[in-house]
Amino acid sequence: MKIFFTLIFLTGHFFVMKGMAQTPEENEKEIVSFAEEMPEYPGGQDSMISFISRNLIYPKYEQEKKISGRVVVTFVIDSDGKIKYPEVVKSVSPGLDSAALNIIRQMPQWKPGKQNYKPIAVKFTLPLQFKL
């Protein structure tokens with residue numbers, strides 16, 4: 001049985017959202033939706049897709065029950081390029097949600113976004129389509 005997943009991009013870009021930091025770690029720093037220089041996955045978008053393809057685990061229960069769908073995850077790329085605060089904002093099932101969060105947490109450090117030549121935190125929304 002072949003298992004497929006897809007990343008959904010609009011006009012070649014990630015979904016991006018704007019919000020304000022709500023945690024002590026960010027210490028009232030602004031999290032933006034767009035920066036002059038956006039964060040970049042090491043090696044670019046194709047490398048990220050390849051990483052997800054190699055490492056995403058489709059949960060056995062969801063395979064057996066033929067559960068599929070789009071899990072939408074948000075996360076922040078902080079000013080150091082680290083992924084923080086991954087969160088499911090559109091759920092499909094506990095197993096698929098967990099798989100989506102796990103792949104985000106496994107990602108390597110990104111090149112941070114910059115505004116006025118200074119690193120800045122940027123919030124992304126990444127939809128992951130699970131399909132059998």
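The basis for the numbers below is simple: all heavy atoms, side chains too, and nothing from hydrogens, waters or symmetry mates.
For the pair I52 and M107, the minimum side-chain heavy-atom distance is below 4.5 Å. For the pair P112 and D80, the minimum side-chain heavy-atom distance is 4.5 Å or more. Considering only heavy atoms from C-beta on, F51 comes within 4.5 Å of Q106 through its side chain. In this structure, Y58 and L96 have side chains that are in contact, with non-hydrogen atoms separated by less than 4.5 Å.
Partners of E40 according to the salt bridge (charged side-chain N to carboxylate O under 4.0 Å, His left out) rule, which considers only residues two or more places apart in sequence or in another chain, do not exist here. In terms of the side-chain contact (heavy atoms from CB on, under 4.5 Å) criterion, residue partners of S91 (sequence neighbours excluded) are, by chain and number, V88, D97.
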Go through the steps to decide whether F124 and V73 satisfy the test side chain to side chain contact (heavy atoms under 4.5 Å, CB included), and finish with yes or no. CA-CA 8 Å; F124 283 90; V73 179; over 6 Å; no
Start with the C-alpha distance between I83 and R105, add both sets of side-chain angles, then the distance that settles side chain to side chain contact (heavy atoms under 4.5 Å, CB included), and finish with yes or no. CA-CA 7 Å; I83 294 174; R105 289 182 183 119; over 6 Å; no
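The main-chain N or O of N116 is found under 3.5 Å from a side-chain atom of E36 such that the two form a donor-acceptor pair. The closest donor-acceptor contact from the side chain of S98 to the backbone of P94 lies at 3.5 Å or more, if one exists at all. Put simply, the side chain of Q115 never gets that close to the backbone of I120: no donor and acceptor are under 3.5 Å apart.
Taking both residues in full, the closest heavy atoms of P42 and P108 are given as CG-CG, 4.0 Å, listed atom of the first, atom of the second, then distance. Heavy-atom minimum distance, P127 versus R70: CB-CD, 3.5 Å. Minimum interatomic distance between V71 and A100 (heavy atoms only, all atoms of both residues): CG1-CB, 3.6 Å. Closest of all the heavy-atom pairs between F130 and S68 is O-CB, 3.0 Å.
Taking NZ of K90 as the reference point, atom OG1 of T74 lies at 14.0 Å (rounded to 0.5 Å). Atom OG of S53 and atom CE of M48 lie 10.0 Å apart (nearest 0.5 Å). Annotation: the span from E64 atom CD to L132 atom CG amounts to 11.0 Å, rounded to 0.5 Å.
Residues I103 and I57 do not share a hydrophobic cluster, defined by chaining ILVMFWY side chains whose heavy atoms lie under 4.5 Å apart.
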